[in-house]
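A quick note: this is a predicted structure, and the numbers were derived from the prediction, not measured. Within every chain, numbering begins at 1; the chains are lettered A, B, ... in the order of the sequence lines, protein sequences first and strands thereafter.
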Amino acid sequence: MTQAYEPREIELRWQKRWQDESVFRAVNPGEKGFDPKRPKYYVLDMFPYPSGSGLHVGHALGYVGTDIIARKKKMEGFNVLHPMGWDAFGLPAEQYAITTGKQPRAATDENTANFRRQLQLIGLSYDWSREIDTSDPKYYRWTQWLFNRLFEKGLAYRAEVPVWWCEELKTVLANEEVINGRSERGNHPCVRRPLKQWMLRITAYAERLLDDLEGLDWPESIKTQQREWIGKSVGAEIQFALEGHAEELVVFTTRPDTLWGATFMVVAPEHALVKKITTAAQRASVDAYVAKAATKSELDRTDASKTKTGVFTGAYARNPVFAADDPRGRVPVWVADYVVSTYGTGAIMSVPGHDERDHAFAQMFDLPIREVVRPPAGEKGLSDGVCFTGEGTAIDSGPIDGLSTLDATAKAIALLESKKVGKARTTYKLRDWLFSRQRYWGEPFPLLHLEDGSVVAVPDDSLPVLLPAMDDFKPATDGSAPLARMKEWVATTDPRTKKPARRDTDTMPGWAGSCWYWLRFMDPANDSAPFSKEAEQYWGPVDLYVGGASHAVMHLLYARFWHKVFFDAGVVHTKEPFQKLFNQGMVTAFAYEDATGRLVSSDEVETRGSGFAKSGTGEPLTQIVTKMAKSLKNVVNPDDMIAEHGADTFRLYEMFMGPLADSKPWNTRDIPGCKRFLERTWRVFVDPEGDAPIRPQFARGATWLPIEGETLALERSLARALARAELSFQNLNLNTAIAAYMTFINDATKSLSSMSRDQGERFLRALAPFAPHMCEELWERMETGGLIVRAAWPTADPMYLVEDEIDLPVQVNGKLRATVKAPKDASPSDKESIARVAVASHLEGKEIVKVVLPPNGRLVNFVVK
RNA sequence: GAGGAAGUGGCGGAACCGGCAGACGCAUCGGACUUAAAAUCCGAAGCCUUCGGGCGUGGGGGUUCGAAUCCCCCCUUCCUCACCA
């Protein structure tokens, strides 16, 4: 038996043992070995897209964190569900296949194999029997099945919509995937283009998606982001008659109380009425403006936000609150790109007196500005040259004069409704979800186009609609779907009527598979349903969901939407899928810049004492923190580190860096500290000089040590470490648990012979979730019997958290002047007299005004003059 | 511009409720062991100091016997959304 700590050898052996004994297999209700007495705990990682570059230490941060939690919960007696799988369909996987010249299927299999290998290297306690791959027909069969539920409820529809088109990617993208007119993936320019697309009616769930955020234990910042994305606004819809046209111009406003101050109208360049209402005289300039707006990317529009642009259409609208002969009621209609076509009705009434944007526009084009809201006393208004947008009192507004903004709004709406020219309305920024892609690597829509032009779902029992193999799967230059080229696949028959039908050739976006994967994990092998009711009833909802904050909106909103649809369909029993959400921080890296602020590649940096310098030139460099980047050569590969130091050190370092939620830099120089701690722990248990597998005091049948003297001191040290660990699990700053364990091992090293077998056992159990391989090895050498992963989690005995003697800080005027020892149960007056002696020199010649002894008895403070 | 998170030694970070600022680790320095080095072990260390003490948690003010922690103002960094009527 080896006496040295050799992590790789130990780790491989224990990983095999865990696998051989199916230690991490979660047992479902109804299966053999299920224990109904244990409570359940479902801890889920956001499953990765298996990229070609392999696992990143940032992924591993979350995975190690959840693994430690899962292992602890298991030791605490929970039935733990802790699964892992692959989000394998979608654009990035297809792009990767194209650039590497591989088939997506083959490339995906290669990448998942690599990810699986890397995850297993870390010794993560996943139940690998539940592994899923969203691009596996056994999985996407049920994605299609669930799509059918949305389809039959009318939540999926086809529409000609202006969509984001990315020429580079040859695909349409969802609103959420386009940032400032560029694709989220790859940062390519995008343009708007009308195309017939499948949409999901997520807006039907807007209100519930908003309301149900309340009960969730999620970071407030994520909830806020979702609320803002949903963007609820309450107001009114108002119809303006158009001079010389039968059509009405409908606008949405949150401030119907300012209707009397509307001096012009603005419609978006894409508005359907623009062509119709433009007068001959204005035709040329309007056409030019509209054409220009269409070619402008969203980025250009945003850049131009400082100066408003627009053109008069020549048309006039009638403000319904003014009499037909009132000149205030005749307002010009302009077209301007500061009004967006996709929000509200794509048209606004412009109230330049009380809206910043309208104000700017009115000033730009010299349009009239009227004040209809008087600001409350003390606030500046139009008379001070300020556009007042807050709440005040209605003035110059006929029937609502004198009312507060709140009352004026209500009365204005009532008035509009009685005249049938408007009504209360709530709008949302959230738009329906553009759900189809003209790409290859995704779930085919399980839909058939019949000869009569109608569209029907492929019956559930004919699923899956398999994605056919294609040699050339690249998107067509005209943007048509690659599957459309598979003529023999497209032509099929409706299984119900045997009549000819054509398959839909679009595929679902990459998000589809991740909209329900946590449910499939509950019952991954089920081939008669996506998951059984019993399994969902037992495991749902996810108790802890851990992943990056970058999924704040898209994935988490889509997943909640599908889950609610399933809830309505009676498929799941909870309204929300993820009860507690936690975002792990980003793992950043150090980078180095010279005096001019230029970044220097990490392999050209050397340490100079406590500073850094450029190798060769010796030029001094400053250390800064950045994202990891290949160009800076500061990307860390877990494989190398594990090969060099072992998985336990890797796990420990990931957690020791700092609180799980914080972003923090990876510092290779700090890793030896964690390794040293494990080596020191090893030497506490194993005598490197001796032949025994374990030191005699830890061997089975070792002499029992009474808890007194140094053993008592160690008992206290252990109790403190265990208590600290418990707190650190609550706060998810596991770095402090490790720090507490280090302190204990330092204490143990100093009085090794006084440490008992029992103390050794409890310490190993506490360390086991963090460094499972080494603890398993030492546990075995102690001949404790069984695996440590199945042992019970140790808790601190409060009795040993209390010291006989406490350190009593003594302050004079709040400044620390001495620290004295006092018996733990000393009375306040005893403490005061002990303290008085200790700071006698500071009290000399002073008058003691007050002696402060806080209720917790933690210190004494003399207030003197 | 709006919203969110955060600013503590040379570095990563501790400090549960307002009560010893800097736990734990890295780097640094000293010592032991060694022919020597590495490894290991032991120890020192916030900054300044005339060795009395003074100053210290981004800056300024406030509350308090006492503030990293609570309140007000300001600065910086990161993230997210940005003409949403």
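For E228(A) and rA82(B), the CD to P distance is 10 Å, given to the nearest whole Å. Atom CE in M554(A) sits roughly 11 Å away from atom C1' in rU80(B) (whole-Å rounding). Atoms CG (N667(A)) and C1' (rC26(B)) sit 7 Å apart, rounded to a whole Å. The CG atom of L859(A) sits 19 Å away from the P atom of rA15(B) (whole-angstrom rounding). Look at CE on M742(A): it is 14 Å from P on rA14(B), rounded to the nearest Å. Following rounding to the nearest Å, R720(A) (CZ) and rC24(B) (P) show an atom-to-atom distance of 12 Å. Atom CZ of R425(A) is separated from atom P of rA85(B) by 12 Å (rounded to the nearest Å). Taking atom CG of N731(A) as the reference point, atom C1' of rC24(B) lies 16 Å away to the nearest angstrom.
On the C1' atoms, rG7(B) is 14 Å away from rC74(B), given to the nearest whole Å. Here the separation of rC83(B) from rC72(B), taken at their P atoms, is 30 Å to the nearest Å. Comparing the same atom, C1', in rC71(B) and in rU64(B) gives a spacing of 12 Å after rounding to whole Å. Straight-line distance between the P atoms of rA14(B) and rA36(B): roughly 42 Å, to the nearest whole Å. A gap of 26 Å separates the C1' atoms of rC11(B) and rU49(B), to the nearest Å. Taking atom C1' on both rG19(B) and rA67(B), the two are 10 Å apart, rounded to the nearest angstrom. Nucleotides rU69(B) and rG25(B) have their C1' atoms positioned 24 Å apart, rounded to a whole Å. Comparing the C1' positions of rG58(B) and rA68(B) gives a spacing of 12 Å, expressed to the nearest Å.
Side-chain atoms of N861(A) never come within 3.5 Å of backbone atoms of V852(A) as a donor-acceptor pair (strictly under, hydrogens ignored). Between the H354(A) side chain and the F388(A) main chain, a donor and an acceptor come within less than 3.5 Å of each other.
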Kindly list each side-chain donor-acceptor pair under 3.5 angstrom involving residues 728-743 of chain A, sequence neighbours excluded, with atom names and distances?
from    : atom 1 : to      : atom 2 : distance (Å)
S728(A) : OG     : A725(A) : O      : 3.3
T736(A) : OG1    : R724(A) : NH2    : 3.3
T736(A) : OG1    : N733(A) : O      : 2.9
Y741(A) : OH     : A766(A) : O      : 2.9
T743(A) : OG1    : A739(A) : O      : 3.0

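The phosphate of rU80(B) has neither OP1 nor OP2 within less than 4.0 Å of any side-chain N or O from T224(A). Contact annotation: Y338(A) does not reach the phosphate of rA85(B) (side-chain N/O to OP1 or OP2, under 4.0 Å). Proximity of R227(A) to the phosphate of rG3(B): no side-chain N or O atom is located under 4.0 Å from OP1 or OP2.
Taking all atoms of both residues into account, the shortest heavy-atom contact from K423(A) to I413(A) is C-CG2, 4.4 Å. Heavy atoms only, all atoms of each residue included: V331(A) and A262(A) are closest at CG1-O, 3.6 Å.
When heavy atoms are screened at a 4.0 angstrom cut-off, K664(A) is found touching the sugar-phosphate backbone but no base atom. Residue contacts for R724(A): at a heavy-atom cut-off of 4.0 Å it reaches the sugar-phosphate backbone alone, with no base atom in range. Residue contacts for N733(A): at a heavy-atom cut-off of 4.0 Å it reaches the sugar-phosphate backbone alone, with no base atom in range.
Checking D358(A) against P809(A), the closest nucleotide of RNA chain B that is more toward the 5' end is the one next to P809(A). Between I222(A) and I671(A), the residue whose closest nucleotide on RNA chain B is further toward the 5' end is I222(A).
Not counting sequence neighbours, W218(A) has no partner by the ring pair (Phe, Tyr, Trp, His ring centres under 6.0 Å) test. Listed by chain and residue number, I806(A), V820(A), A822(A), K831(A), V860(A) satisfy the side-chain contact (heavy atoms from CB on, under 4.5 Å) test with L808(A) (two or more places apart in sequence, or in another chain).
Remark: of the listed residues V351(A), T253(A), L416(A), L416(A) is the sole one forming a side-chain contact (heavy atoms from CB on, under 4.5 Å) with L259(A).
Remark: RNA chain B takes part in the stems B:1-7 with B:75-81, B:10-12 with B:24-26, B:28-32 with B:40-44, B:46-48 with B:53-55, B:58-62 with B:70-74, each of 3 or more antiparallel Watson-Crick or G-U pairs, criterion distances under 3.5 Å.
F240(A) places none of its side-chain heavy atoms less than 4.5 Å from the side chain of V250(A).
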Listing time: all N or O pairs from protein to nucleotides 39-48 of chain B that are below 3.5 Å?
from    : atom 1 : to      : atom 2 : distance (Å)
rU40(B) : O3'    : R683(A) : NH2    : 3.2
rC41(B) : OP1    : R683(A) : NH2    : 3.2

Short heteroatom pairs, N/O only, protein and nucleotides 63-68 of chain B, under 3.5 Å:
from    : atom 1 : to      : atom 2 : distance (Å)
rC65(B) : O2'    : N861(A) : ND2    : 3.4
rC65(B) : O2     : N861(A) : ND2    : 2.5

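D807(A) and T819(A) share no donor-acceptor pair across their side chains, judged by distance under 3.5 Å alone.
In this structure, E805(A) places its CD atom where more than 12 heavy-atom neighbours from other residues, nucleotides or ligands lie under 6.0 Å away.
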Evaluation steps, salt bridge (Lys or Arg N to Asp or Glu O under 4.0 Å), between R683(A) and E679(A): CA-CA 6 Å; R683(A) 284 196 305 271; E679(A) 284 168 341; 5.0 Å; no

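Taking syn as a glycosidic angle within 90° of 0, rG60(B) does not qualify and is anti.
From K429(A), atom NZ reaches atom OH of Y343(A) across 7.5 Å, with rounding to the nearest 0.5 Å.
With rC20(B), rG25(B), rA85(B) as the choices, the nucleotide that has an atom nearest any side-chain atom of F252(A) turns out to be rA85(B).
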